[in-house]
Amino acid sequence: ITTNIMSKLKNSLFLKLLVIFLLIVVLLVPTFLVNTLIDERMDLKNEAIAELGSKWGAEQTITGPYISIPYTAQVNKEVYINNKKTIETNYVTNWIKVLPETLDIDAEVKTQIKKRGIYDVPLYTSDVYLKGNFNINLDLLDVPKNVIHFGKAKLLFGISDLKGIKNDMKLILDSVPLEFLSEMNFRDISSEKSFRKFNYSSSSRSYNSRSQVGHGGITASIPFSLKENMSYDFQTHVKLNGNSGLFFNPLGSTTTTELRSNWVNPKFDGHRLTDTNHVTDQGFYAKWVVNHLNRPFPKLWLNQDSKIENAEYGVSFLTGVDNYQKTYRVAKYAILFIVITYLVFFFIETLNTIHLHPIQYLLVGFAILIFYLLVLSISEHLGFNFSYLLATIGTLALVTLYSFAIFKNKRMSYILFGILLIMYGYFYFIIQLEDYALLFGSLFIFIVLASVMYISRKIDWFNVKGNETN
């Protein structure tokens, strides 16, 4: 029975193509496992960044300062006592949130790379100077002046990860120094960072490159009674540790932010583009100017009527193109690599007096898949470019030497080597072109199809049996 099957496999073109197709389907399983392994290595990297950030300081978002003024609100509630409806009156303390009229931020960031296992994590220490003024004008609010407690106001300052604060931070308000106390959760500040969710080139999952820590902050009691329609100047300095990125919320009616750093590979991120930026081999400079019409929250509001959200901007400190991202992009073409290689083997077998066993096709498919494991593992230590080169050399040597043994024809093996070399080189070129990858990938598939049609143009497929061709 086995002899008959092998004989039919040798002499039936349809059966041979069917077996090759089934082998490609079988190889989908290890291809999926390779992609899963890339995801797992991404997770390990994210865990390493989070672990180091938990000790040094996570990505930082600065929100503030702003003023919170209490007022007494009357709350009427219908209640039934002895089946009679009565109105029950309660008095609760609510808060008026007042944002600065102007806010000027000047930040200097010094970065460094720390190792966590095999991973590089960008850490920074920043000196952030803030100054501006508040204009206490509550005429737009429907709150009687006699229930507002101007003498019990607080000043709030949001910092997403308090462990990063490295100085005894004070704020000077109208020439009066204020002492801060920590408060771990600011309900006025949203912890959502939707704009910074990006895909690490995985079709099955998205990774948020930023830690989703709750928005923490610090508060200070204002030791004097605020007066309406008065302007109060303020200034403060915070020395702040963090990793991966530094961001700001534009609380001022006019907010000007200037940021300088020695980091040479910044990504200006967030809900606004920079108004000015310069990047050199010595570092970068960036400037943002935002007015209150550019953000989705007002100058002042009551209680939780608004939240400070969807307005932050700043910089992410990239460590170059992510090796996992590039490896995943290469792995997406795994099946195409296998199909093209099998096409070459099929035509060599069909056009020459050669018979290949399905096991030989399967071994070649596994050799191609090992290429991606080599790229993934070596890139964690030597970088993507060098790992791609080494994996290509190893895979081409393995497949070419194997073809020497099964083809018994050096010319055919050299042709196979040349085709694979062009294929691996061209796909390396494609993954460098993020914006044009689809275009050049489509052109490559078109050229492959045209080549197959040209090579097979004189084959009489009805008369092909085993090694006999027309």
Side-chain angles (χ1 to χ4, degrees), residues 20 23-24 27-28 30-31 34-35 38 321 323 325-352 354 356 359-434 436-457:
I20 292 174
L23 289 176
I24 293 174
L27 290 173
L28 286 174
T31 301
V34 168
N35 292 331
I38 296 173
V321 178
N323 290 331
Q325 187 176 1
K326 280 195 169 185
T327 303
Y328 195 90
R329 290 176 61 194
V330 174
K332 288 194 297 185
Y333 296 104
I335 292 301
L336 185 59
F337 273 57
I338 294 171
V339 169
I340 293 174
T341 305
Y342 278 6
L343 271 177
V344 175
F345 273 79
F346 171 75
F347 275 106
I348 291 176
E349 179 185 5
T350 303
L351 300 175
N352 296 273
I354 300 171
L356 298 181
I359 294 297
Q360 293 171 317
Y361 276 97
L362 191 62
L363 290 174
V364 171
F366 283 138
I368 294 172
L369 291 176
I370 291 295
F371 165 81
Y372 301 101
L373 292 180
L374 291 174
V375 172
L376 175 62
S377 57
I378 298 174
S379 67
E380 292 184 330
H381 303 277
L382 301 178
F384 177 82
N385 294 338
F386 195 52
S387 69
Y388 191 96
L389 175 63
L390 291 180
T392 299
I393 293 173
T395 303
L396 288 182
L398 179 61
V399 175
T400 303
L401 291 174
Y402 187 62
S403 69
F404 274 138
I406 61 177
F407 291 163
K408 311 295 184 183
N409 186 324
K410 290 186 177 181
R411 179 172 172 271
M412 291 295 101
S413 296
Y414 289 145
I415 291 174
L416 173 66
F417 174 82
I419 292 173
L420 293 181
L421 181 62
I422 292 172
M423 181 173 66
Y424 280 92
Y426 190 83
F427 274 95
Y428 177 79
F429 167 74
I430 287 177
I431 62 176
Q432 309 301 318
L433 305 173
E434 292 189 8
Y436 298 97
L438 178 60
L439 172 63
F440 284 94
S442 301
L443 288 175
F444 178 78
I445 295 174
F446 177 82
I447 292 171
V448 169
L449 178 60
S451 301
V452 171
M453 295 172 69
Y454 178 80
I455 293 171
S456 63
R457 71 193 187 283

Could you go through the side chain to side chain contact (heavy atoms under 4.5 Å, CB included) check for L369 and T31 one step at a time?
CA-CA 7 Å; L369 291 176; T31 301; 3.4 Å; yes
Checking L336 against I445 for the side chain to side chain contact (heavy atoms under 4.5 Å, CB included) test, could you report, in this order, the C-alpha distance in whole Å, the side-chain angles of both residues, the deciding distance, and whether it holds?
CA-CA 9 Å; L336 185 59; I445 295 174; 4.1 Å; yes
Can you list the steps and then say if F444 with I340 is a side chain to side chain contact (heavy atoms under 4.5 Å, CB included)?
CA-CA 11 Å; F444 178 78; I340 293 174; 3.3 Å; yes
Please determine whether side chain to side chain contact (heavy atoms under 4.5 Å, CB included) holds for the pair I419 and L416, giving the CA-CA distance in whole Å, both sets of side-chain angles, and the decisive distance to 0.1 Å.
CA-CA 5 Å; I419 292 173; L416 173 66; 5.6 Å; no
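Ring planes of Y428 and F384: parallel class, angle under 30° (limits at 30 and 60°).
Remark: F386 pairs with no residue by the ring-ring contact (aromatic ring centres under 6.0 Å, His included) rule, at least two apart or across chains. Evaluation of the ring-ring contact (aromatic ring centres under 6.0 Å, His included) rule for Y342 yields Y361 as partners, not counting sequence neighbours. In this structure F345 satisfies the ring-ring contact (aromatic ring centres under 6.0 Å, His included) test together with F407, sequence neighbours excluded.
Taking the side chain as every heavy atom from C-beta outward, I348 and L356 never approach each other to under 4.5 Å. Side-chain contact between L28 and I335 is present, with at least one heavy-atom pair separated by less than 4.5 Å. Taking the side chain as every heavy atom from C-beta outward, V375 and N323 never approach each other to under 4.5 Å. Side-chain contact between L27 and L362 is present, with at least one heavy-atom pair separated by less than 4.5 Å. Here the side chains of M423 and V448 are not in contact, with every heavy-atom distance at 4.5 Å or above.
To the nearest 0.5 angstrom, F371 atom CZ is 8.0 Å from S387 atom OG. Atom OG1 of T395 and atom CG of L420 lie 9.5 Å apart (nearest 0.5 Å). One finds the CG atom of L398 at 13.5 Å from the CD1 atom of I393 (value rounded to the nearest 0.5 Å). A distance of 7.5 Å separates OG1 in T341 from CD1 in I338, rounded to the nearest 0.5 Å. Note: N385 CG to L390 CG = 11.0 Å, rounded to the nearest 0.5 Å. Considering CD1 of I430 and OH of Y426, their distance stands at 4.5 Å, rounded to 0.5 Å.
The aromatic ring centres of Y372 and Y328 sit 6.0 Å or more apart. Checked against a 6.0 Å centroid threshold, the rings of F440 and F427 do not count as neighbours.
Remark: the backbone N or O of L376 is paired with a side-chain donor or acceptor of S379 at under 3.5 angstrom. A donor-acceptor pair under 3.5 Å is formed between the side chain of S377 and the backbone N or O of L374.
Pairing each heavy atom of I431 with each of R329, the nearest pair is O-NH1, 2.9 Å.
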